[in-house]
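Quick note: numbers below take in every heavy atom, side chains included, and nothing from hydrogens, waters or symmetry partners.
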Amino acid sequence: MERVNSTLLTEFILTGIPYPLRLRTFLFVFFLLTYILTQLGNLLILVVVSVDPQLHARPMYIFLGVLSIIDMGISTIIVPRLMMNFTLGIKPIPFGCCVAQLYFYHFLGSTQCFLYTLMAYDRYLAICQPLRYPVLMNGRLCTILVAGAWVAGSIHGAIQAILTFRLPYCGPNQVDYFFCDIPAVLRLACADTTINEQVTFVDIGVVVATCFFLILLSYVQITQAILRIRTTDGRRRAFSTCGAHVTVVTIYYVPCAFIYLRPETNSPLDGAAALFPTAITPFLNPLIYTLRNQDVKLALKRMIGAPGRKSNV
């Protein structure tokens, strides 16, 4: 597992997540099914949003379609490699693939943070500024905001990858994690990582904290506006348009904050927490948005030819 100190590493070995050997087959099948269902579920959302004329012109569902693309990407980057942990033999990951995995994970992950913020802003405008909403959130602005999220995410991912892999790696090559992520990889560096750890904490902290604060601020305004609605049915419909978003934001941000925004530790809980943004959340998002969103359910019925009334939300 170790190299001579004067030799730079050309590959890493991912130790994966600890598990009882008797569960090897079960876990392989579980994550295989999770991956397949994640791809199919998000692809279904993407198709519904693209082909349904009542959805693909609305910013909320444009954002939802982009979220599905991101979820499919994150799942593809992480889960197939995780499944190798449940097969026989040691399967090293080449150095370049490790760099790519870290970059694309933080690229898509930060883009997802920005997108969640845009979705909260969209809901704020729709509920708090309903008469001005078509003007304030038009197709052109929606395209610009989505493009800005992709660009900002790619810059964030590049910064993290460059900072991490500018360091020399010449010692042990065993990454005590199930994918190439910053904290686990930095432990193997043959140099002082203090600056890297500080920059990573500040950079990720600023992205996560800023996005979360803006989302929280949006929903404070949204809640106040909903409570002013006189009818119970009106309040219920308004809450239903936000419930799915609040749910996915919660199950995404809490594990990310646990992993990156605390003093450096090597806790076994890190791997369990990391499964949420990498495997569980991409799997749950299509379920949450189809089960809790009336517009998507009606669009699915229209696709399969089932009768359904038009949504007024």
Asks: Give the intermediate values and the outcome of side chain to side chain contact (heavy atoms under 4.5 Å, CB included) for residues Gln39 and Tyr35.
Replies: CA-CA 6 Å; Gln39 300 302 308; Tyr35 177 71; 3.4 Å; yes
Asks: Counting only heavy atoms not in Ile195, do more than 12 fall under 6.0 Å of its CD1?
Replies: no
Asks: Considering only Ile, Leu, Val, Met, Phe, Trp and Tyr, and joining two whenever side-chain heavy atoms are under 4.5 Å apart, list the other residues clustered with Val207.
Replies: Phe114
Asks: Compare every heavy atom of Thr111 with every heavy atom of Gly153, then report the nearest pair and how far apart it is.
Replies: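 Answer, listing the atom of Gly153 first, then Thr111: CA-OG1, 3.4 Å.
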Asks: Do Phe30 and Leu23 have side-chain heavy atoms sitting under 4.5 Å apart?
Replies: no
Asks: Which pair of heavy atoms, one from Leu163 and one from Leu167, lies closest together, and at what distance?
Replies: O-CG, 4.2 Å
Asks: How close do Pro282 and Ser75 get, heavy atom to heavy atom, and via which atoms?
Replies: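 Heavy atoms only, the tightest pair is CB-CB, 4.4 Å.
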Asks: Can you find a heavy atom in the side chain of Arg123 that is under 4.5 Å from one in the side chain of Met60?
Replies: yes
Asks: Around atom CZ of Phe95, are there more than 12 heavy atoms from other residues, nucleotides or ligands closer than 6.0 Å?
Replies: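 Atom CZ in Phe95 is crowded, with more than 12 foreign heavy atoms closer than 6.0 Å.
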Asks: Is a donor on one side and an acceptor on the other found under 3.5 Å between the side chain of Asp192 and the backbone of Thr194?
Replies: yes
Asks: Measure the shortest side-chain to side-chain distance between Gln221 and Ile127 over non-hydrogen atoms and say whether it is less than 4.5 angstrom.
Replies: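 When only atoms from C-beta onward are counted, Ile127 and Gln221 do not touch, as no gap falls below 4.5 Å.
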Asks: Roughly how far apart are Cys211 SG and Leu216 CG, rounded to 0.5 Å?
Replies: 12.5 Å
Asks: In the single-linkage hydrophobic clustering (I, L, V, M, F, W, Y; side-chain heavy atoms under 4.5 Å), do Ile280 and Leu32 co-cluster?
Replies: yes
Asks: Over all heavy atoms of both residues, which pair between Asn173 and Leu188 is shortest? Give the atoms and the distance, please.
Replies: C-CD1, 4.0 Å
Asks: For atom CZ of Phe213, decide whether the heavy atoms of other residues, nucleotides or ligands shown that lie under 6.0 angstrom number more than 12.
Replies: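 Count not over threshold, so no.
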Asks: So, Asp122 and Tyr133: side-chain donor and acceptor under 3.5 Å apart, yes or no?
Replies: yes
Asks: Does the side chain of Leu108 come within less than 4.5 Å of Trp150's, by heavy atoms?
Replies: yes
Asks: Under the side chain to side chain contact (heavy atoms under 4.5 Å, CB included) criterion, do Leu275 and Phe178 qualify, and how do the steps go?
Replies: CA-CA 9 Å; Leu275 286 174; Phe178 64 90; 3.9 Å; yes
Asks: Check the pair Leu44, Leu40 against side chain to side chain contact (heavy atoms under 4.5 Å, CB included), reporting the backbone distance first and the verdict last.
Replies: CA-CA 6 Å; Leu44 178 62; Leu40 292 178; over 6 Å; no
Asks: I'd like to check the disulfide bond (SG atoms under 2.5 Å apart) partners of Cys180; sequence neighbours left out, ordered by chain and number.
Replies: Cys98
Asks: Report yes or no: do Val199 and Val206 belong to one cluster of Ile/Leu/Val/Met/Phe/Trp/Tyr joined by side chain heavy-atom distances under 4.5 Å?
Replies: no
Asks: Distance from Tyr124 atom OH to Leu136 atom CG, nearest 0.5 Å?
Replies: 9.0 Å
Asks: What is the distance from atom CZ of Phe212 to atom SG of Cys256, rounded to the nearest 0.5 Å?
Replies: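 Between atom CZ of Phe212 and atom SG of Cys256 there are 12.0 Å.
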Asks: Would you give me the side-chain donor-acceptor pairs under 3.5 Å for residues 140-149, sequence neighbours excluded?
Replies:
from, atom 1, to, atom 2, distance (Å)
Thr143, OG1, Gly139, O, 2.9

Asks: I need the minimum non-hydrogen distance between Leu102 and Thr164, along with the two atoms involved.
Replies: CD1-CG2, 4.1 Å
Asks: Taking Thr193 for its side chain and Ala189 for its backbone only, find out whether a donor-acceptor pair lies under 3.5 Å.
Replies: no
Asks: So if you build clusters from Ile, Leu, Val, Met, Phe, Trp, Tyr with side-chain heavy-atom gaps below 4.5 Å, do Ile222 and Leu131 land together?
Replies: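 Result: no, two separate clusters.
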Asks: Just so I know, are the side chains of Phe283 and Ile36 near enough to count as touching, which here means a heavy-atom distance under 4.5 Å?
Replies: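 No, too far: nothing below the 4.5 Å cut-off.
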Asks: The test is side chain to side chain contact (heavy atoms under 4.5 Å, CB included); show your working for Cys113 and Tyr253 and say whether it passes.
Replies: CA-CA 8 Å; Cys113 284; Tyr253 272 94; 3.6 Å; yes
Asks: Less than 4.5 Å apart, side chain to side chain, heavy atoms only: is that true for Leu287 and Leu37?
Replies: no
Asks: Which heavy-atom pair separates Pro255 from Ala273 by the least distance, and what is that distance?
Replies: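 That would be CB-O, 3.3 Å.
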Asks: Tell me every residue that passes salt bridge (Lys or Arg N to Asp or Glu O under 4.0 Å) with Asp203, counting only those two or more places apart in sequence or in another chain.
Replies: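 If we apply the salt bridge (Lys or Arg N to Asp or Glu O under 4.0 Å) test to Asp203, skipping adjacent residues, there are no hits.
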Asks: Which class fits the ring pair Tyr103 and Phe107: parallel under 30°, tilted 30 to 60°, perpendicular over 60°?
Replies: parallel
Asks: Are Tyr252 and Leu284 connected, step by step, through hydrophobic side chains (Ile, Leu, Val, Met, Phe, Trp, Tyr) whose heavy atoms are closer than 4.5 Å?
Replies: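 They do share one cluster, since a chain of ILVMFWY contacts under 4.5 Å joins Tyr252 to Leu284.
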Asks: Got a second to check how far Met72's CE is from Ile45's CD1, nearest 0.5 Å?
Replies: 11.5 Å
Asks: State whether the number of non-hydrogen atoms from other residues, nucleotides or ligands found under 6.0 Å of Tyr116 atom OH is greater than 12.
Replies: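 Correct, the count exceeds 12.
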Asks: Donor-acceptor pair, Gln101 side chain versus Ile77 backbone, under 3.5 Å?
Replies: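 Pair found, side chain donor or acceptor close to backbone of Ile77.
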Asks: Tell me, do Thr38 and Val79 make a side-chain contact under 4.5 Å, heavy atoms counted?
Replies: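 They are not in contact (no side-chain heavy atoms under 4.5 Å apart), so the answer is no.
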Asks: Find the distance between OG1 (Thr281) and CD1 (Ile74) and round it off to the nearest 0.5 Å.
Replies: 8.5 Å
Asks: Taking only distance into account, with no hydrogens and no angle test, what donor-acceptor pairs under 3.5 Å do side-chain atoms of residues 80-93 form with protein atoms, sequence neighbours excluded?
Replies:
from, atom 1, to, atom 2, distance (Å)
Arg81, NH2, Lys91, O, 2.4
Arg81, NH2, Pro92, O, 3.1
Asn85, OD1, Ile17, N, 3.2
Asn85, ND2, Thr15, O, 3.1
Thr87, OG1, Met84, O, 2.7
Thr87, OG1, Lys91, NZ, 3.0
Lys91, NZ, Leu88, O, 2.3

Asks: So, using ring-ring contact (aromatic ring centres under 6.0 Å, His included) as the criterion, who are the partners of Phe179 when residues are at least two apart?
Replies: Tyr105, Tyr177
Asks: When clusters are formed by joining ILVMFWY residues with side-chain heavy atoms under 4.5 Å apart, either directly or through shared neighbours, do Ile215 and Leu217 land in the same one?
Replies: no
Asks: State, without any angle test, whether Asp71 and Gln112 hold a side-chain donor-acceptor pair at a distance under 3.5 Å.
Replies: yes
Asks: Could you grab the distance from atom OH of Tyr61 to atom OG of Ser68, nearest 0.5 Å is fine?
Replies: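 Spacing of OH (Tyr61) from OG (Ser68) equals 12.5 Å.
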Asks: Considering only heavy atoms from C-beta outward, does the side chain of Phe63 approach that of Val49 to under 4.5 Å?
Replies: no
